[in-house]
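Data block below; observations after.
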Amino acid sequence: MALALLLSSQMFGQSTFGQIKKDRLFKVDPASGLFKEIRVIVENRLKGELWWFLSPHGYYQNWIPKSNDRLERPGYPQKYYGIGLRGGAKKYFSGNSPKGPFFQIQAAYRRMWVNHYSEGLDLFSRDKFNLWGLGANVGWQGLYGAKDNISYGGLIGLEYFRGFGRNYVQDRIVQNWFEFPFLRKPAFLDGIRLYFGIELGFAFKQKRLHW
């Protein structure tokens with residue numbers, strides 16, 4: 001009898017001590033290349049429908065001067081690269097997390113290096129500076145498979161970055177399509193960027209004990 005109850009509980013996602021829930025996810029973002037980034041995400045249940053997440057990322061971009069550049073970017077070749085970390089809290093609204101719609105807030109830090117090259121592509125100087133940011137996003141996530149182990153979803157929102165450091169100069173930041181160059185004035189709008197992602201990954205099970 002006890003064996004039958006145990007097998008039955010396992011078939012319906014239960015343990016003899018309580019329900020087994022998805023409490024941790026590991027994901028990658030294949031859309032992050034559009035932002036010159038490579039992102040991975042670790043997400044973990046904090047309590048109920050509230051989760052925390054960490055997202056380390058790398059950044060890489062080359063800039064070659066173009067004639068008639070309306071954005072007045074630097075007139076010499078440059079290479080931008082860096083490493084960063086985003087972290088924050090996520091709230092699901094389905095009552096069955098990590099499935100369904102969610103809202104998240106995040107803080108971010110990035111350490112950047114800039115290599116300046118001459119027209120002959122000889123390195124003649126290197127700068128470094130820090131970027132700090134805040135952001136908010138809305139999104140949706142689903143689970144797929146016989147055991148709901150495959151996660152998929154997306155999110156979209158805004159992020160605000162500001163640079164600090166002895167060698168940081170606002171005009172040195174390469175502007176991209178997601179940085180809203182038409183919002184460069186007034187000055188307090190500098191640094192506002194679009195943020196979106198497509199997150200694909202794997203959901204893990206952990207036991208939640210109900211005494």
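In what follows, every heavy atom counts, from backbone to side chain, and hydrogens, waters and symmetry copies are set aside. Please read all numbers here as calculations on a predicted model, not as lab measurements.
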Using modelled atom types and a 3.5 Å cut-off, is there a donor and acceptor pairing between side-chain atoms of [X] and backbone atoms of [Y]?
{"X": "S94", "Y": "K99", "result": "yes"}
{"X": "E199", "Y": "G154", "result": "no"}
{"X": "S125", "Y": "H116", "result": "no"}

Between [X] and [Y], does the ring centre distance come in under 6.0 Å?
{"X": "W113", "Y": "Y59", "value": "no"}
{"X": "W132", "Y": "Y160", "value": "no"}
{"X": "Y81", "Y": "Y60", "value": "no"}

Does [X] have more than 12 heavy atoms from other residues, nucleotides or ligands lying within 6.0 Å of its [atom1]?
{"X": "Y144", "atom1": "OH", "result": "no"}
{"X": "I38", "atom1": "CD1", "result": "no"}
{"X": "I105", "atom1": "CD1", "result": "no"}
{"X": "I83", "atom1": "CD1", "result": "no"}

For R86, what residues pass the salt bridge (charged side-chain N to carboxylate O under 4.0 Å, His left out) criterion, not counting sequence neighbours?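 Listed in chain order: E37, E159.
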Cation over ring, R110 on Y80, under 6.0 Å and within 45°?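 The answer is no, since R110 fails at least one limit relative to Y80.
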Should the pair R39 and F35 be classed as cation-pi, given the thresholds of under 6.0 Å to the six-membered ring centre and 45° from the axis?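 Positive - R39 is close enough to the ring of F35 and near enough to its axis.
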Distance from R45 atom CZ to L25 atom CG, nearest 0.5 Å?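 That separation rounds to 9.5 Å.
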Electrostatic pair E43:K27 at N-O distance under 4.0 angstrom: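 Yes, charged N to carboxylate O under 4.0 Å.
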Please tell me whether N130 and Y109 have a donor and an acceptor in their side chains that are separated by less than 3.5 angstrom.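 Present: a donor and an acceptor within the cut-off.
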Going by distance alone, is a donor N or O of one side chain under 3.5 Å from an acceptor N or O of the other, for Q78 and N115?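 Side-chain D/A pair, Q78 to N115: absent.
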Candidate pair N137 and Y195, rule side-chain contact (heavy atoms from CB on, under 4.5 Å), full reasoning: CA-CA 8 Å; N137 309 283; Y195 184 93; 3.3 Å; yes
Apply side-chain contact (heavy atoms from CB on, under 4.5 Å) to residues R111 and K128 and explain how you reach the verdict. CA-CA 8 Å; R111 178 67 165 177; K128 57 185 177 181; 3.3 Å; yes
